[in-house]
Trainee: 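Encoded as structure tokens, here's the structure I'll be asking about.
We count ligands from 1, going down the list as the structure has it; atoms in each ligand are counted the same way.
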Amino acid sequence: MSSMVPELKFTTFTEIDEIYSTLNKTFRSGKTKPVAFRKVQILQLAYLLQDNLERFKEAFAIDLGRPPLEASFLELDTTISDCKVAYDRVDKWARTEKAPFNIKFAAFRPVIRKEPKGVVLSISPFNYPVWLSLSPVIGAIAAGNCVVLKPSELAPAISGLIAELIPKYMDNDVIRVVLGAVPETSKLMEYQWGHVLYTGSGRVGKIIGIAAAKTLSPISLELGGKSPVVIDAKCDFKIAARRILWGKCVNAGQTCVAPDYVLVTRSSEDAFIKALKDAHDEFYPSGATTTPDISHIISPAHFHRLKNLLDSTSGTIAFGGQTDELRKFIAPTVVKGVKDGDSLMSDELFGPILPIMPVDDVDAAIAYINAHDHPLALYCFSPDATFKNKVFDNTQSGSAVANDVLVHCATDGLPFGGIGPSGSGYHTGGFSFDMFTHMRASIDSPGWIDNFLGARFPPYTPGKLASLKRLGTKLPPRPHISANGHGLIERRSNTKWLLLVVSLAVVSIGYTRAVEVGEWARWLKRLIKV
Ligand SMILES: NC(=O)c1ccc[n+]([C@@H]2O[C@H](COP(=O)([O-])OP(=O)(O)OC[C@H]3O[C@@H](n4cnc5c(N)ncnc54)[C@H](O)[C@@H]3O)[C@@H](O)[C@H]2O)c1
Ligand SMILES: CC1=C(/C=C/C(C)=C/C=C/C(C)=C/C=C/C=C(C)/C=C/C=C(C)/C=C/C=C(\C)C=O)C(C)(C)CCC1
């Protein structure tokens, strides 16, 4: 490890106890409540990154062999941008919100107070060790919480750097980093938390979910899965191939929303693979095995997992396939003719291997997707709105992305999250703020309301019941259910309102006329007198 990168020293259990108790004390003191305090912390976090870009890039190279461009574009810039968005919008996010106007309840002056949940915990994975560690911290701080961050032990250079810099830039009584692996995370999960955000594999997600249930800590799970790509034979293969190959090769495929596999019609399989090969040769003109533009696999265990999957496939390697155990390197590899049940189709790949599964048509592609867990992302490349709608309307996934990959994660204003086995809960921007915020319902009831609501008090009488019934809800007309089971909602008749408007118009015109006639009559009278 470079001399600039600190050694990873795991946090002891005694220190974890102290951290939990200090942060709870801080939260109870109300220190994190003023929005101005939160904004200072958010800005400090942005400068933590901006002042140390070179150290972070170096740490990325150590942990993941990550090319500096990918480190900047995908993580450092994205996280700084998240800080700026939160800094600019937190005043608005944190503002007490009025409930939608409803004449029945208006007198209560109902509002939603945006309150922090308390001391929250974020457990992050190795693959995007800056963005997935610090972006949730931004949301948690913006929402006025105290935070414990547990970054991944598999990315020791980045996690160590974060642990070194957080105390230098941020309030140590409000945010702390716990370094460690399974024992330290298990210890953390013994406490009750205002909220737990877990980002990582579904396997560990289950363990964390069970632990959170024991203390009734609310939890969001950001998990993974196999994100499919559906290719329409009519799409521009050159554009589709470049984008898909980029999404597969970025961070050596170790991206939760990486395109996992491609579903393409049989007749287009070869043409699409040719487009992928052209993109590959354009990206890596002197070959993929020597390029500095591909990250390495995080650990020997993951390298061997991927190599075993590749060795056991029944598909044919169209290109790539080179591996180097010493460098934990796997070349971008496209495997053609992959069938359901293949080793490459069993689990999320999380590596630079792209299986191509030929299908008869788009219906077969949809059927395959629906027979498996809802993915974190579903990609569809097509110029045709009918094709895209067919794919998206008949499937479920965390996100539905047409004609690109990955960039939706960083698209301002969109929630990022899975569905079912790919996760629950949403983060980034205002969605992170909401995740770490308690929406505290609040009303202030005036005394005079009992003139209308006094009937709620015992002794209960038929008269009181009838008067409360008058306040009840009036439903629209009952829907007509047709033979095929579909319901038809009858349009509510507007005659009543029309009659009211017409009568008002008649009365006001009549009145004006009457006034005018009166004026004329007075004028005539005066004339006759003269
Ligand atoms: N949905 C998302 O936003 C998202 C983002 C990135 C990664 N992921 C998923 O994360 C996975 C890869 O990341 P990973 O390998 O670092 O995940 P992981 O589940 O192995 O580890 C994540 C975190 O959990 C901790 N952990 C591991 N085992 C534990 C245990 N038994 N008990 C308690 N804590 C434990 C680790 O220390 C780490 O901090 C992939 O499945 C990927 O799809 C999801
Ligand atoms: C330049 C001008 C203009 C155009 C601007 C445009 C078109 C800007 C487009 C920017 C885009 C598309 C940026 C995309 C960024 C995508 C990123 C950073 C993706 C990040 C993905 C991540 C972090 C994935 C993470 C996955 C994880 C964590 C899973 O494990 C105009 C046209 C506006 C005019 C002015 C000039």
Trainee: Using distance alone, decide if ligand 2 has a nitrogen or oxygen within less than 3.5 Å of any nitrogen or oxygen in Asn127.
Mentor: yes

Trainee: Taking atom 28 (C) of ligand 2 as the point of reference, which of Thr255, Val257, Leu132 owns the nearest heavy atom?
Mentor: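 Answer by nearest heavy atom: Leu132.
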
Trainee: Any chance the side chains of Asp434 and Trp93 put a donor and an acceptor closer than 3.5 Å?
Mentor: no

Trainee: Pick one: which of Pro129, Ser295, Ser72 meets side chain to side chain contact (heavy atoms under 4.5 Å, CB included) with Phe60?
Mentor: Pro129

Trainee: Can you tell me if Ile123 has a non-hydrogen atom under 4.0 Å from ligand 1?
Mentor: yes

Trainee: Is the closest side-chain donor-acceptor distance between Asp51 and Tyr169 under 3.5 Å?
Mentor: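 Yes, because at least one side-chain N or O of Asp51 sits under 3.5 Å from a partner of the opposite role on Tyr169.
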
Trainee: With the threshold set at 4.0 Å, does a side-chain nitrogen-carboxylate oxygen contact exist between Glu58 and Arg55?
Mentor: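 The answer is no: the pair does not qualify as a salt bridge.
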
Trainee: Atom 18 (C) of ligand 2: which protein heavy atom is closest, and how many Å away?
Mentor: Phe73 O, 3.4 Å

Trainee: I'd like to know whether ligand 1 has Gly418 as a neighbour, heavy-atom separation below 4.0 Å.
Mentor: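 It does not, in that no heavy atom of Gly418 comes within the 4.0 Å cut-off of ligand 1.
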
Trainee: May I ask which of Gly200, Ser124, Pro125 has a heavy atom nearer to atom 38 (C) of ligand 1 than the others do?
Mentor: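 Considering heavy atoms of Gly200, Ser124, Pro125, the nearest to atom 38 (C) of ligand 1 sits in Ser124.
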
Trainee: Determine whether the side chain, the backbone, both or neither of Cys256 has a heavy atom under 4.0 Å from any heavy atom of ligand 2.
Mentor: both

Trainee: Taking the basic N atoms (NZ, or NE/NH1/NH2) and the acidic carboxylate oxygens, is any pair closer than 4.0 Å for Lys307 and Glu325?
Mentor: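 So Lys307 does not pair with Glu325 through a salt bridge.
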
Trainee: Below a 4.0 angstrom heavy-atom separation, can you tell me which part of Thr255, side chain or backbone, both or neither, approaches ligand 1?
Mentor: neither

Trainee: With a 6.0 Å cut-off on ring centres, are His195 and Phe436 close enough?
Mentor: yes

Trainee: What are the atoms of ligand 1, with element, lying closer than 4.0 Å to any heavy atom of Val182?
Mentor: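 In order of number, 28 (N), 29 (C), 30 (C), 31 (N), 32 (N).
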
Trainee: Are any of the heavy atoms in Phe126 under 4.0 Å away from ligand 1?
Mentor: yes

Trainee: Of all the non-hydrogen atoms in the protein, which one sits nearest to atom 23 (C) of ligand 2, and at what distance?
Mentor: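 It is Leu74 O, 3.1 Å.
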
Trainee: Heavy atom under 4.0 Å from ligand 1: found in Ile207's side chain, backbone, both, or neither?
Mentor: side chain

Trainee: Taking the six-membered ring of Phe303, is NZ or CZ of Lys328 closer than 6.0 Å to its centre and within 45° of its axis?
Mentor: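 Ring-cation test returns no.
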
Trainee: Could you tell me whether Arg176 sits above the aromatic face of Tyr20, with NZ or CZ closer than 6.0 angstrom to the six-membered ring centre and within 45 degrees of the axis?
Mentor: no

Trainee: Distance from Leu132 atom CG to Glu222 atom CD, nearest 0.5 Å?
Mentor: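 With rounding to 0.5 Å, CG (Leu132) is 8.5 Å from CD (Glu222).
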
Trainee: Report yes if Ser201 has an N/O atom closer than 3.5 Å to an N/O atom of ligand 1; otherwise report no.
Mentor: yes

Trainee: Nearest non-hydrogen atom to atom 21 (O) of ligand 1 belongs to which of Phe350, Tyr198, Phe416, Trp131?
Mentor: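 Answer by nearest heavy atom: Tyr198.
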
Trainee: For ligand 1, note which part of Leu376 has a heavy atom under 4.0 Å away: side chain, backbone, both or neither.
Mentor: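 Side chain only.
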
Trainee: Can you find a protein heavy atom under 4.0 Å from atom 16 (C) of ligand 2?
Mentor: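 For atom 16 (C) of ligand 2 the answer is yes, since some protein heavy atom falls inside 4.0 Å.
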
Trainee: Please write down residue, atom name and distance for the protein heavy atom closest to atom 22 (C) of ligand 2.
Mentor: Cys409 CB, 3.9 Å

